[in-house]
Amino acid sequence: MIRIAAASLFLALAVFLFFSEILGLFKFRYVMDRIHAAALGDTLGIVFVVLGVAVLGGVSVSVIKLLLIPAFMFLTGPVITHLIAQAEVLCRRNQGSEYEEEYR
């Protein structure tokens with residue numbers, strides 16, 4: 001009973017983070033703000049999903065393999081967001097507006 005409650009709490013937190021990430025993607029207009037919302041929402045959401053499934057699954061080899069997913073996300077997420085941000089800065093520089101944030 002306690003395992004189900006804990007897993008439900010973790011999964012509810014994950015759903016909340018995913019919905020707040022989607023809201024951030026639609027609300028923010030500047031690309032850097034969108035990247036920040038997407039990166040944090042994905043990483044923390046995946047961590048809470050994996051924790052919820054791990055609590056339900058107990059200790060097994062599958063759960064240990066499942067814990068590699070957040071590790072992969074923590075390693076690749078910053079690299080991907082850095083490359084997207086670098087592309088945004090280079091495109092802004094070529095357009096002539098030096099690092100100007102657009103909030104309308």
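These values consider heavy atoms only, across backbone and side chains, with no hydrogens, waters or symmetry-generated copies. Counting from 1, the numbers follow the sequence of the chain as shown.
- Between atom OG of residue Ser60 and atom NZ of residue Lys65 there is a gap of 9.5 Å, rounded to the nearest 0.5 Å.
- When all heavy atoms of Val63 and Ala54 are compared, the pair lying nearest together is CG1-CB, 3.5 Å.
- At a threshold of 4.5 Å between non-hydrogen side-chain atoms, the residues His36 and Tyr30 do not count as touching.
- Remark: of the listed residues Asp42, Thr43, Leu44, Leu44 is the sole one forming a side chain to side chain contact (heavy atoms under 4.5 Å, CB included) with Leu17.
- In this structure Ala37 satisfies the side chain to side chain contact (heavy atoms under 4.5 Å, CB included) test together with Phe28, sequence neighbours excluded.
- Taking every heavy atom of both residues into account, Val49 and Phe18 meet most closely at CG2-CE1, 4.0 Å.
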Check: residues 68-85 side-chain donor-acceptor pairs under 3.5 Å, at least two apart:
from, atom 1, to, atom 2, distance (Å)
Thr76, OG1, Phe72, O, 2.8
Thr81, OG1, Gly77, O, 3.1
Thr81, OG1, Pro78, O, 3.1

N/O donor-acceptor pairs under 3.5 Å from side chains in residues 2-16, not counting sequence neighbours:
from, atom 1, to, atom 2, distance (Å)
Arg3, NE, Val55, O, 3.2
Arg3, NH2, Leu56, O, 2.6
Ser8, OG, Ile4, O, 2.7

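- A search for side chain to side chain contact (heavy atoms under 4.5 Å, CB included) contacts involving Leu25 returns Glu21, Arg34, Ala38, not counting sequence neighbours.
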